> 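My questions will all concern the structure given below.
Quick note on labels: first sequence line is chain A, next is B, and so on, each numbered from 1. Since this is a predicted model, take the numbers as computed values, not measurements.
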There are 2 protein chains.
Amino acid sequence: MKRLTGKDVARAAGVSASAVSRAFTAENRLNKATRDHILKVAAEMGYRPNALARSLIKQESDLVAVVVGNTDGIYDKDFFNHLSTALQKRGKWALQIRSEDQENLAETLGKALMYPVAAAIVRAGTVDPQAIENSKQMNVPLIYTGLGPVIKGADCVWLNYKSGGLLGTRHLVRRGCKKIAYIGGIKGFTADTGRRDGYLEALQEAGLQPHSISQTKFDFESGMQIALNLLQSDNPPDAFYCVSDAAALGALNAAKSLLNLRVPEDVAIVGSDNMPMASWPCFDLTAATNPIDEIVQNLMETLEARLANLDQQEMSVVVEPQLVIRGSA
Amino acid sequence: MKRLTGKDVARAAGVSASAVSRAFTAENRLNKATRDHILKVAAEMGYRPNALARSLIKQESDLVAVVVGNTDGIYDKDFFNHLSTALQKRGKWALQIRSEDQENLAETLGKALMYPVAAAIVRAGTVDPQAIENSKQMNVPLIYTGLGPVIKGADCVWLNYKSGGLLGTRHLVRRGCKKIAYIGGIKGFTADTGRRDGYLEALQEAGLQPHSISQTKFDFESGMQIALNLLQSDNPPDAFYCVSDAAALGALNAAKSLLNLRVPEDVAIVGSDNMPMASWPCFDLTAATNPIDEIVQNLMETLEARLANLDQQEMSVVVEPQLVIRGSA
DNA sequence: ATGAAAGCGCTAACAG
DNA sequence: CTGTTAGCGCTTTCAT
């Protein structure tokens with residue numbers, strides 16, 4: 001991995017190494033003529049300062065760890081793409097760190113923290129105190145987002161899940177649904193508990209009993225399977241409120257494609273997330289939003305505020321979902 | 001960004017800095033007792049060697065640049081997730097680099113190459129010679145994949161696009177379709193030209209004329225719009241061969257949901273990619289595969305071969321698509 | 001305005 | 001087996 005160094009350029013340009021360095025850093029002034037000359041020579045040689053060495057001496061880094069936890073749905077992929085793009089627009093580079101299962105998350109994050117990242121943005125269903133401890137020790141600010149709860153010791157940007165559950169379920173109640181089933185997510189994930197709380201509260205407001213509460217991995221397949229079972233049971237629901245769009249689309253497929261039911265007449269369906277796909281004509285899904293742009297925007301603001309002042313108090317931003325009403329409910 | 005150093009640990013453990021270093025590198029032997037002691041102290045303090053400093057001296061890096069070009073469809077998101085995971089399993093870290101438009105790709109890659117990455121994996125529709133030149137200068141091996149053509153000066157892992165076009169179109173011909181339209185991608189992308197070539201050749205074999213050739217951004221919306229226009233025209237096609245699953249699902253929506261046509265009776269539809277979504281009951285899409293696992297596997301093998309021997313000849317792997325027949329054609 | 005020299009955190013060669 | 005020393009590529013005083 002032989003790589004051109006500043007020294008090589010210095011030699012070629014007939015200047016000192018420090019001159020080359022100064023040519024590449026705005027702060028230190030340099031005679032315009034020499035700077036231009038150095039930059040020209042450097043460009044010809046294809047030289048670029050080594051970000052690692054620079055980082056080492058400046059004690060700062062443009063790297064941001066983006067930690068993908070135990071959540072890998074369609075929504076999440078979209079989310080991380082937006083996040084990477086937003087980081088890059090702000091001069092940061094996203095170092096992707098993935099952990100299949102929750103147990104490994106702290107360990108994986110630990111390994112990744114060998115790189116001197118400016119911060120770590122973590123999206124995971126539950127939060128490992130060890131991970132927080134690790135990054136504390138490394139002085140890496142941690143920002144949690146997405147499925148997790150509000151954390152002591154880390155900044156958070158999260159969705160008001162309960163509000164989504166309330167909005168979605170109240171809408172089904174208003175439609176006149178009486179037997180509303182909850183298709184939930186992974187146990188312990190705030191995205192699940194929050195939305196379920198909203199669901200339960202909305203039912204209570206209306207004096208209704210929950211029809212049933214089930215669990216998925218937030219995904220299409222399990223959403224479809226559960227809906228199929230429930231709809232074929234002795235006491236089928238007349239509506240589903242679903243913890244994710246993916247699960248809702250699964251339920252929609254079970255109802256329309258597999259059982260030839262009419263949606264929303266026979267069974268009404270509300271999802272959560274409002275992914276672009278929700279608006280496709282074949283789905284036309286009513287859903288509570290989980291607005292990626294807004295969340296990413298808040299993450300960027302939180303990140304910048306945190307980097308500007310490492311010692312300030314923990315920040316917590318809550319994004320409010322909205323209900324987008326379409327044909328499915 | 002004050003961070004614990006090996007020196008701090010050395011002081012605390014009453015040993016030298018090199019002892020600490022040796023404790024963290026398997027190669028250099030160390031008395032088991034001292035090693036254990038050092039590791040214990042380090043763990044208590046939460047110390048981790050700085051990967052940047054290590055990289056600087058070892059002249060090698062665990063970073064791999066993953067360059068996301070002007071392609072951001074559902075398939076691509078999936079692809080990059082698999083790629084990051086595969087890299088991490090092999091002890092590499094994916095540094096995400098995104099470029100909205102093709103023009104910026106070389107420039108963005110250039111900036112990212114300030115980080116001493118072991119290699120760069122690029123997935124883009126077209127290839128900028130400047131990007132190749134840049135990475136050559138930085139001695140960073142470049143591996144192209146996906147939409148691009150086979151490149152001089154870089155390793156490639158790509159799909160046999162033409163074969164996909166042949167398989168898909170021949171299948172429509174066998175079904176008895178006579179007016180087969182091609183819904184294509186972005187002009188100049190090999191994913192488009194290759195599949196179109198296959199489409200044209202299959203038609204020629206059958207003595208048929210192309211019904212029409214149109215362009216999308218490989219996406220759902222433009223696929224839907226184009227299909228809608230064609231199906232409402234004076235001379236509607238009886239089949240679509242589509243450059244991507246996303247475009248095919250758009251066409252499917254236009255036919256079934258918007259125009260109430262029967263698929264495949266009124267119009268048959270074949271996609272390309274075979275994303276998981278293609279098998280959803282509401283779609284049941286016949287598609288030529290673009291097998292992520294196989295491509296990523298080949299990328300990993302190419303990467304490892306390249307890193308093992310930087311000077312060996314360019315490698316090129318071609319993955320063959322298969323036709324998965326479902327209900328849509 | 002520019003060069004020389006020190007040092008960021010680490011590892012590898014060299015002593016002992 | 002372990003400590004001392006040098007140096008990776010860069011930026012930043014401190015001189016000039």
> Please verify the inter-ring angle class for B:F189 with B:F218; under 30° counts as parallel, over 60° as perpendicular, anything in between as tilted.
tilted

> Roughly how many Å is it from CZ in A:R54 to C1' in C:dC10, rounded to a whole number?
20 Å

> In whole angstroms, how far is the P atom of C:dA1 from the CG atom of A:D36?
14 Å

> How many whole angstroms separate atom CG of A:N31 from atom P of D:dT16?
22 Å

> With a 4.0 Å limit, can you tell me whether B:T5 has a side-chain N or O closer than that to the phosphate oxygens OP1/OP2 of C:dG9?
no

> Please report the interatomic distance CD(B:E44) to CG(B:L39), rounded to the nearest 0.5 Å.
11.5 Å

> Any chance you could measure B:T145, atom OG1, to B:D155, atom CG, to the nearest 0.5 Å?
11.0 Å

> Using the closest heavy atom to pick a nucleotide of DNA chain D for each, name whichever of B:G14 or A:A53 lands nearer the 5' end.
B:G14

> Figure out the NZ/P separation between A:K58 and D:dT13, and round it to whole Å.
11 Å

> I want to check one thing: is the phosphate of D:dT11, taken as OP1 and OP2, less than 4.0 Å away from some side-chain N or O of A:Q59?
no

> Grab the CZ-P distance between A:R3 and D:dC10 for me, whole Å please.
7 Å

> Listing time: all N or O pairs from protein to nucleotides 4-6 of chain C that are below 3.5 Å?
| residue | atom | partner | partner atom | Å |
| --- | --- | --- | --- | --- |
| C:dA4 | N7 | A:S18 | OG | 3.4 |
| C:dA4 | N6 | A:S18 | OG | 3.1 |

> What's the CG-P distance between B:D8 and C:dG9, to the nearest Å?
8 Å

> Please tell me if B:S21 has a side-chain N or O lying less than 4.0 Å from either OP1 or OP2 of C:dA12.
no

> CD/A:E314 to CZ/A:R306 distance, rounded to the nearest 0.5 angstrom?
7.5 Å

> Looking for any heavy atom pair under 4.0 Å, which part of the strands does B:V20 touch: base, sugar-phosphate only, or nothing?
nothing

> If the threshold is 4.0 Å, N to carboxylate O, is there a salt bridge linking A:K187 and A:D192?
no

> Measure from the side-chain heavy atoms of A:L56 and tell me the nearest of D:dG9, D:dT11, D:dC10.
D:dG9

> Quick check on C:dG9: is either OP1 or OP2 less than 4.0 Å from any side-chain nitrogen or oxygen of A:Y115?
no

> Figure out the CG/P separation between A:L4 and D:dC8, and round it to whole Å.
15 Å

> Grab the CG-P distance between B:L52 and D:dG7 for me, whole Å please.
22 Å

> Are side-chain N/O atoms of A:Y47 and A:D8 paired as donor and acceptor at under 3.5 Å?
no

> Nearest 0.5 Å, what's the CG-CG distance between A:L87 and A:L303?
6.5 Å

